[in-house]
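Before any comments, here is the structure.
Predicted model, so just to flag it, every value in this text is computed and none were measured. Note that these values count all heavy atoms, side chains included, but never hydrogens, waters or copies made by symmetry. In what follows, chains are A, B, ... by sequence order, proteins preceding strands, each numbered from 1.
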Number of protein chains: 6
Amino acid sequence: MSTELDVKLPSFRQLQTLIQEESEVEIKLITNDLLVGKVRWQDNFCICLLDHYDQPTIVWKQAIVFLKPKP
Amino acid sequence: MSTELDVKLPSFRQLQTLIQEESEVEIKLITNDLLVGKVRWQDNFCICLLDHYDQPTIVWKQAIVFLKPKP
Amino acid sequence: MSTELDVKLPSFRQLQTLIQEESEVEIKLITNDLLVGKVRWQDNFCICLLDHYDQPTIVWKQAIVFLKPKP
Amino acid sequence: MSTELDVKLPSFRQLQTLIQEESEVEIKLITNDLLVGKVRWQDNFCICLLDHYDQPTIVWKQAIVFLKPKP
Amino acid sequence: MSTELDVKLPSFRQLQTLIQEESEVEIKLITNDLLVGKVRWQDNFCICLLDHYDQPTIVWKQAIVFLKPKP
Amino acid sequence: MSTELDVKLPSFRQLQTLIQEESEVEIKLITNDLLVGKVRWQDNFCICLLDHYDQPTIVWKQAIVFLKPKP
């Protein structure tokens, strides 16, 4: 994995859409934690999630099991 | 791993078949969760799964243990 | 890891032998699940296992802890 | 992954900011441990965290689930 | 990681020595299993372990936590 | 990851210092095990740890969560 962004991949673009639409998402982590918030930015390694108080959490993609837009 | 899709690999093609046939699958995850649904798309990093209400879940391939077409 | 198969590696060839001889194997997974069946095919990312009813399971190699031919 | 630093990535730069500002952070690990301290340095593989007694802990990035600046 | 063996690395050579000397080793796995046996061969991805009945187990290196020669 | 050592990285050099100074370290593993000893050598994949009886343990870096020099 390198520093060039994987911008052409569906998963990368799907996340970009969620960022632009400021959608709320649920992220399930390998520790079984469930984070809820809005995705602020992503790169190849991380996602930045804002919680309800706009506090940022930098989540490593390696630790993500699944991500669900809240319906 | 790069942005080019691994389209020639059996595992990749097998998943493409499941997408085209809209088959229902079970996905076992490293958190021991078991997801059920239809695969909508895949890329090198993720699989998008639609549940019975057509809600999408983006599943990271790194977190998949096994996938079983429902018989 | 790329799309070219690692065909020269002992582990890859050993698995090919098990496929050709239709040997029964036990696969221990990181979730502690133990799968039993015959290996149908492999590529760099996955192994396809057939259970006693010939139902296929696509197992991600990343989730395999060990594999044992049944004696 | 290579020895060149991923200095252009947002996640890398965000961490650099936290290092320069000597901000206190919480780091959640895949073992469910929660470490608290100040980030001293990072490279592609590790983060060095200083606890309240200025004792260093070298944390492998592969084991990080998320990192949160303390509000 | 590619098909060329990492033959120059200390960890690789150390394992080669254990293979040649038919030393008994303990292998701790990420599932917390502890396997005991003699290493028969290794490649970049796997180690083959022979138990007391000379039954082979193919262990994925990705699942190894540590390996200890029995004293 | 390749066979060339990542000798320029801070994390690699920090470990080299610990090796040269024969410092005692604590290593937390993803299985939650805590190993104590002196680091004898490292390469890109492994660390060799000597316990109080000078018995070596080859620890895979992939399984390390954090490492702490004993104060």
Side-chain angles (χ1 to χ4, degrees), chain A residues 1-52 54-71, chain B residues 1-70:
Chain A
M1 205 181 285
S2 71
T3 56
E4 53 177 320
L5 296 179
D6 308 317
V7 290
K8 288 186 210 146
L9 290 174
S11 59
F12 201 91
R13 285 186 290 118
Q14 203 97 349
L15 267 167
Q16 286 306 121
T17 304
L18 292 168
I19 293 169
Q20 282 153 25
E21 296 176 351
E22 303 190 5
S23 313
E24 198 160 58
V25 299
E26 276 181 9
I27 299 183
K28 172 79 175 249
L29 300 171
I30 50 173
T31 44
N32 264 311
D33 292 300
L34 195 70
L35 300 182
V36 176
K38 291 173 182 175
V39 187
R40 177 77 160 265
W41 55 259
Q42 68 167 326
D43 62 21
N44 285 356
F45 297 108
C46 294
I47 276 174
C48 179
L49 201 72
L50 294 184
D51 67 16
H52 292 167
D54 271 349
Q55 296 300 315
T57 301
I58 300 175
V59 181
W60 263 256
K61 283 185 172 176
Q62 69 201 0
I64 300 179
V65 175
F66 60 76
L67 180 151
K68 235 187 233 218
K70 286 200 108 179
Chain B
M1 203 182 285
S2 70
T3 55
E4 54 177 318
L5 296 179
D6 308 317
V7 289
K8 287 185 209 149
L9 290 174
S11 59
F12 201 90
R13 284 186 289 119
Q14 203 97 350
L15 267 167
Q16 286 306 120
T17 305
L18 292 168
I19 293 169
Q20 282 152 26
E21 296 176 351
E22 302 191 4
S23 313
E24 196 159 60
V25 299
E26 275 181 10
I27 298 183
K28 172 79 176 247
L29 301 171
I30 50 173
T31 44
N32 264 312
D33 292 300
L34 195 69
L35 299 182
V36 177
K38 291 174 182 175
V39 187
R40 177 77 160 263
W41 54 259
Q42 68 167 326
D43 62 22
N44 285 356
F45 297 108
C46 295
I47 275 175
C48 179
L49 201 72
L50 293 183
D51 67 16
H52 292 167
Y53 306 98
D54 270 348
Q55 296 300 315
T57 301
I58 300 175
V59 181
W60 264 256
K61 282 184 172 177
Q62 69 200 359
I64 300 180
V65 175
F66 61 75
L67 180 152
K68 234 188 234 215
K70 286 201 107 179

Of all the heavy-atom pairs spanning Pro69(A) and Pro56(B), show the shortest one and how long it is. CD-O, 3.6 Å
At their closest point, which heavy atom of Phe66(A) faces which heavy atom of Trp60(B), and how far apart are they? CA-CE3, 4.3 Å
Closest contact, heavy atoms only, Gln55(B) versus Pro71(A): OE1-CB, 3.5 Å
Per-residue contact mode, Asn32(B) against chain A (heavy atom under 4.5 angstrom): neither
Could you tabulate the donor-acceptor pairs under 3.5 Å formed by side-chain atoms of residues 34-41 of chain A, not counting sequence neighbours?
none

Which atoms of Gln14(A) approach chain B - backbone, side chain, both or neither, heavy atom under 4.5 Å: side chain
Determine the minimum heavy-atom distance between Gln62(B) and Ile64(A), stating which atoms define it. NE2-O, 3.1 Å
Could you tell me if the side chain of Thr31(B) sits less than 4.5 Å from the side chain of Leu29(A), heavy atoms only? no
